[in-house]
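What follows is a set of notes on a single structure, which appears directly below.
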Amino acid sequence: MKEDKRMINIALLSKWHVHAQGYAEEAVKSGHCRIVAVWDEKKERGEKWAQEHGAQFYEDVDEMLSRGDIDAVICCSPTTMHHELLLKVAKKGIHIFTEKALAPTVKECEELISVMKENGVKFIISMPQKSSASVKYAKKLLNEGRLGKISHLRLRNAHNGVSGNWLPDYWYDNSKTGGGAMMDLGCHPMYLSSYLLGKPLRVTSIMTQPLNSGMDESSTSTIEFEGGAVCVCETGFDAEGSPWMLELYGTKGCFIVVGGHMRYCSVDEGGKPEIIPEDEKSPIEKFVQWIDGGEEPKDMGFDDALTLTALLEASYISNEKNVTVEL
């Protein structure tokens, strides 16, 4: 009789982030994971969440990590708590899936990465838009040189979280979030910019509060990349009906995505239609498969997490000091 493969034991680190429940459900749905423990900085919230998963709740994260049977954590705590919590996890050699950003500062990220490497931790940061069909197609066009020399990339990701008044109250606490729209929703255009264009050189940002929420609500960062290409990353919490947008321009053509609609134009190919690749597996699915003996996922690891934080940190410094920040 064939022996069943051991399930992956997952501990949940906080339900603070709005994606926490989705990540937990996705892990369980994989059929390879079970939730065995929950820690949350809010006791009542954590106890309820643990009960929903038939797991044990812990007020003390050290006690939870010392139980000896946890294979991996899913971290959705306040962003400013990532460094403290994940250092504890990494020192135990427990694998880590984390919501972005890994930490608000490069210094914190570098320390975390060093400890994770020392202890053989498998690590993935959630960068789901890298798995989307349109982004994979843009990357394919770039890799094949079909757009020529790239001059400009524009990425826009915005919603009406503040103007629509649906973000949770704690989203307005910068001591927990580490920032506003750019630190949260702006992570997506930020990590896509370096994924598509390579090494960033300098950043200039403007962040405003049209609705006076106490955090950046409308934010734009302009980034110069090695080779001369410029990316404009736009995000906001005050935009009603704003579609997700990607505009990529080169000397031989362009690729434009507005919502789910794509347009490709090429001087060599005349914009002929082509089959767009399907979405890849989600970051959680890739994480579970890796722990379960599969291949290490690309483009969601240590270097990607560090570059994202470097861009975010530079953007906030640029806005605060009204300067261009070199990387």
Side-chain angles (χ1 to χ4, degrees), residues 4-42 45-58 61 63-79 81-82 85-90 92-103 112 116 119-132 168 184 187-188 191 278-302 304-305 308:
D4 291 336
K5 199 166 188 178
R6 186 177 73 86
M7 297 286 281
I8 299 168
N9 289 338
I10 301 286
L12 304 175
L13 290 180
S14 181
K15 201 182 181 183
W16 177 85
H17 199 281
V18 294
H19 293 319
Q21 179 66 17
Y23 292 143
E25 290 176 355
E26 195 174 358
V28 172
K29 188 179 178 181
S30 73
H32 297 273
C33 301
R34 61 187 170 203
I35 309 300
V36 298
V38 174
W39 172 88
D40 199 298
E41 70 277 12
K42 299 277 189 181
R45 181 176 64 192
E47 286 179 331
K48 182 180 178 182
W49 203 22
Q51 187 176 14
E52 290 172 5
H53 288 286
Q56 184 173 351
F57 173 73
Y58 292 85
V61 71
E63 181 185 356
M64 182 185 76
L65 296 175
S66 296
R67 55 183 279 162
D69 65 341
I70 296 173
D71 299 305
V73 300
I74 296 175
C75 180
C76 289
S77 74
T79 306
M81 296 182 71
H82 282 196
L85 289 170
L86 294 181
L87 272 182
K88 294 174 183 289
V89 176
K92 293 285 186 179
I94 295 170
H95 306 309
I96 294 171
F97 178 94
T98 185
E99 181 56 87
K100 75 264 182 288
L102 173 57
L112 278 170
M116 284 191 278
N119 290 278
V121 173
K122 293 180 178 180
F123 166 81
I124 281 187
I125 185 169
S126 184
M127 295 182 169
Q129 291 186 6
K130 286 185 178 181
S131 299
S132 75
D184 177 45
C187 280
H188 297 294
Y191 67 67
E278 295 182 356
D279 290 349
E280 290 186 349
K281 289 182 171 62
S282 72
I284 276 284
E285 289 178 295
K286 292 179 179 180
F287 182 63
V288 170
Q289 288 184 358
W290 186 19
I291 295 175
D292 204 28
E295 292 185 5
E296 179 179 355
K298 297 179 180 179
D299 305 315
M300 297 181 186
F302 297 134
D304 309 284
L308 171 59

Any side-chain heavy atom of C187 within less than 4.5 Å of one from L308? yes
May I ask you to test the F97-S126 pair for a side-chain heavy-atom distance under 4.5 Å? yes
State whether the side chain of H32 and the backbone N or O of V288 hold a donor-acceptor pair below 3.5 Å, judged by distance alone. no
Taking atom CG of L87 and atom NE2 of H82, what is their separation to the nearest 0.5 Å? 12.5 Å
Looking only at non-hydrogen atoms, find the nearest pair between K88 and V61 and report the distance. CD-CG1, 3.7 Å
Between F123 and F302, how do the two ring planes meet: parallel, tilted or perpendicular, split at 30° and 60°? parallel
At their closest point, which heavy atom of G46 faces which heavy atom of F57, and how far apart are they? C-CD1, 3.4 Å
Taking the side chain from D279 and the backbone from S132, do they hold a donor-acceptor pair closer than 3.5 Å? no
Begin from the C-alpha positions of I74 and I284 and carry the test side chain to side chain contact (heavy atoms under 4.5 Å, CB included) through to its verdict. CA-CA 9 Å; I74 296 175; I284 276 284; 3.9 Å; yes
Do Q21 and E25 have side-chain N/O donor and acceptor atoms under 3.5 Å apart? yes
Test log, rule side chain to side chain contact (heavy atoms under 4.5 Å, CB included), inputs I96 and M116: CA-CA 9 Å; I96 294 171; M116 284 191 278; 3.7 Å; yes
Can you find a heavy atom in the side chain of C76 that is under 4.5 Å from one in the side chain of L13? no
Could you please spell out the steps behind the side chain to side chain contact (heavy atoms under 4.5 Å, CB included) verdict for L12 and V73? CA-CA 6 Å; L12 304 175; V73 300; over 6 Å; no
Charged N to carboxylate O below 4.0 Å: is that the case for K15 and D40? no
For S131 and K281, indicate whether the former's side chain and the latter's backbone hold a donor-acceptor pair under 3.5 Å. yes
Decide yes or no on side chain to side chain contact (heavy atoms under 4.5 Å, CB included) for I8 and D292, but give the supporting numbers first. CA-CA 8 Å; I8 299 168; D292 204 28; 4.2 Å; yes
Does the side chain of Q129 pick up a donor-acceptor pair with the side chain of Y191 at under 3.5 Å? no
Closest approach of A305 and I125, non-hydrogen atoms and distance? CB-CD1, 3.9 Å
Answer with yes or no whether the side chains of E63 and S66 bring together a donor and an acceptor at under 3.5 Å. no
Does the side chain of P78 reach to within under 4.5 Å of the side chain of W16, using non-hydrogen atoms? yes
If only side-chain N and O atoms count, and only distance matters, is there a donor-acceptor pair under 3.5 Å linking Q56 with Y58? yes
Test item: E99 and Y23 side chains (from C-beta on) under 4.5 Å apart, heavy atoms: yes
How far apart are the closest heavy atoms of I70 and A37, and which atoms are they? CD1-CB, 4.4 Å
Sub-4.5 Å side-chain heavy-atom contact between H17 and S77: no
When you look at E41 and S14, which way does the side-chain hydrogen bond (donor to acceptor under 3.5 Å, both in side chains) test go after all the steps? CA-CA 7 Å; E41 70 277 12; S14 181; 2.8 Å; yes
Testing the basics here: between W39 and L85, what is the closest heavy-atom pair and its distance to 0.1 Å? CZ3-CD1, 3.6 Å
Assess whether a salt bridge exists between E296 and K286, defined as any Lys/Arg side-chain N lying under 4.0 Å from an Asp/Glu carboxylate O. no
Specify the closest pair of heavy atoms between I291 and A72, including all atoms of both residues, with the distance to one decimal. CD1-CB, 3.7 Å
Do I10 and H53 have side chains that get closer than 4.5 Å, going by heavy atoms? no
Donor-acceptor pair, D304 side chain versus G301 backbone, under 3.5 Å? yes
Flag yes if more than 12 heavy atoms outside E52 fall under 6.0 Å of its CD atom; otherwise flag no. yes
Side chain H95, main chain K122, donor-acceptor under 3.5 Å: yes
Check whether any side-chain N or O of N9 sits under 3.5 Å from a backbone N or O of D69 as a donor-acceptor pair, and report yes or no. yes
Can you tell me how far apart CD1 (I124) and NZ (K298) are? Round to the nearest 0.5 Å. 13.5 Å
Do K100 and M127 have side chains that approach each other closer than 4.5 Å (heavy atoms only, starting at C-beta)? no
